[in-house]
2 protein chains.
Amino acid sequence: MRFQKTTEYAIRVMVFLANNQNEWLSVNHLHQVLNIPYKYLGRLMHTLTKAGLLEVNMGKHGGYKIHPDKQNIFLYQIIDVTEGLESYDRCILGFPECSDENPCPLHKYWISLQKSLKEMIYSVSLGDLKGLINVKY
Amino acid sequence: MRFQKTTEYAIRVMVFLANNQNEWLSVNHLHQVLNIPYKYLGRLMHTLTKAGLLEVNMGKHGGYKIHPDKQNIFLYQIIDVTEGLESYDRCILGFPECSDENPCPLHKYWISLQKSLKEMIYSVSLGDLKGLINVKY
DNA sequence: ATTAATTTCTACCTTATTGTAGTATATACA
DNA sequence: TGTATATACTACAATAAGGTAGAAATTAAT
């Protein structure tokens, strides 16, 4: 029961960028500070940019920053880009017809947990996480 | 954010066996009723047996049933066999030193959810799920 | 004994995730 | 305009999860 590693990386890097709003940060710098494989991170940054969460500046002194139009990004937006949100509406046992009326054996236990998980990813934003960067990964 | 598919399969099959305590159920039967790939399920049953959760009877009219010494199995015991319990104590951002004193950015949000998840897998048992098998997978 | 139905064991295949390498392209600035 | 420093793009490699195939071993019943 966990996020994909790519999602971990994405949240890590987005939190870091949110704490350095006005600087262009290069992949190499982020790779070193956040301990994420360089080339893999490069591709992830590109993906986050295509998804509209980041602004990019190519060439010398280039890098990435949070997109100016997206100043309060929620966790669900990041997760949506990296692994999708399907699992937050899915039956934990993979029963395709699972519902309150037609529940799988774990339904009543899982539903409330799923609700809490959703509440977290839809309510926590990068703004809530500002300042929290004294972490060595 | 989900269980591995193998864990899904394992819980499905254990719930079914718990509802048919006195019968030897063959892999072929379970495969058909629970819609789990035949050969893959065979290996999973063997794994659950080696872990002591099931009793096996080889040969004609053979199959599996819940091990007589394990009449009230909790979810965490099944999950431990299929994917391990590491993720239930792990930082959601993979920060190796994450703790109350030295938290990652998501720590305070994740900790309470993790606690609920643990409470579920340590408190829900197959006994709690008996009778709930009117499900077509 | 023989046969049929079952698990066991070993090997391999497929797919998704994670990670690496190299070249092309863009930008800043001397 | 040349050079240094970035990202973009494409291809491929490694690993883990999920899945398949077939022969060997075990058991029940005839």
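Chain identifiers are assigned alphabetically (A, B, ...) following the order of the sequence lines, protein sequences preceding nucleic acid strands; residue numbering begins at 1 within each chain.
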Enquirer: In whole angstrom, give the distance that lies between atom OH of A:Tyr38 and atom C1' of D:dA8.
Expert: 11 Å
Enquirer: Please confirm whether the shortest side-chain N or O distance from A:His46 to OP1 or OP2 of D:dA8 is below 4.0 Å.
Expert: yes
Enquirer: For C:dT17, does either OP1 or OP2 sit under 4.0 Å from a side-chain N or O belonging to A:Thr6?
Expert: no
Enquirer: Contact list please: residues 49-59 of chain B against DNA chain D, heavy atoms, distance less than 4.0 Å, in numerical order.
Expert: B:Met58, B:Gly59
Enquirer: How many Å lie between NZ on A:Lys39 and P on D:dA13, as a whole number?
Expert: 16 Å
Enquirer: Counting the atoms with a prime plus P, OP1 and OP2 as sugar-phosphate, which does B:Lys5 contact under 4.0 Å by heavy atoms, base, sugar-phosphate, or nothing?
Expert: sugar-phosphate
Enquirer: When the distance from CG of A:Leu44 to C1' of D:dC9 is rounded to whole Å, what number comes out?
Expert: 16 Å
Enquirer: Both A:Tyr9 and A:Lys60 contact DNA chain C. Which one's nearest nucleotide lies toward the 5' end?
Expert: A:Tyr9
Enquirer: Give the rounded distance in Å between these two atoms: CD of A:Glu8 and P of C:dT18.
Expert: 9 Å
Enquirer: Between A:Tyr40 and B:Asn28, just flag the one whose closest nucleotide in DNA chain C comes earlier from the 5' side.
Expert: B:Asn28
Enquirer: Quick one: side chains of residues 67-74 of chain A, donor-acceptor pairs under 3.5 Å with protein atoms, not counting sequence neighbours, listed by atom name and distance.
Expert:
{"from": "A:His67", "atom 1": "ND1", "to": "A:Asp69", "atom 2": "N", "distance (Å)": "3.0"}
{"from": "A:Lys70", "atom 1": "NZ", "to": "A:Gly52", "atom 2": "O", "distance (Å)": "3.3"}
{"from": "A:Gln71", "atom 1": "OE1", "to": "A:Gln21", "atom 2": "NE2", "distance (Å)": "3.4"}
{"from": "A:Gln71", "atom 1": "NE2", "to": "A:His67", "atom 2": "O", "distance (Å)": "3.1"}
{"from": "A:Asn72", "atom 1": "OD1", "to": "A:Ser125", "atom 2": "OG", "distance (Å)": "2.9"}
{"from": "A:Asn72", "atom 1": "OD1", "to": "A:Gly127", "atom 2": "N", "distance (Å)": "3.3"}

Enquirer: Might you list the N or O atoms of the protein lying below 3.5 Å from N or O atoms in nucleotides 10-16 of chain C, with each pair's distance?
Expert:
{"from": "C:dA11", "atom 1": "N6", "to": "B:Arg43", "atom 2": "NH1", "distance (Å)": "3.3"}

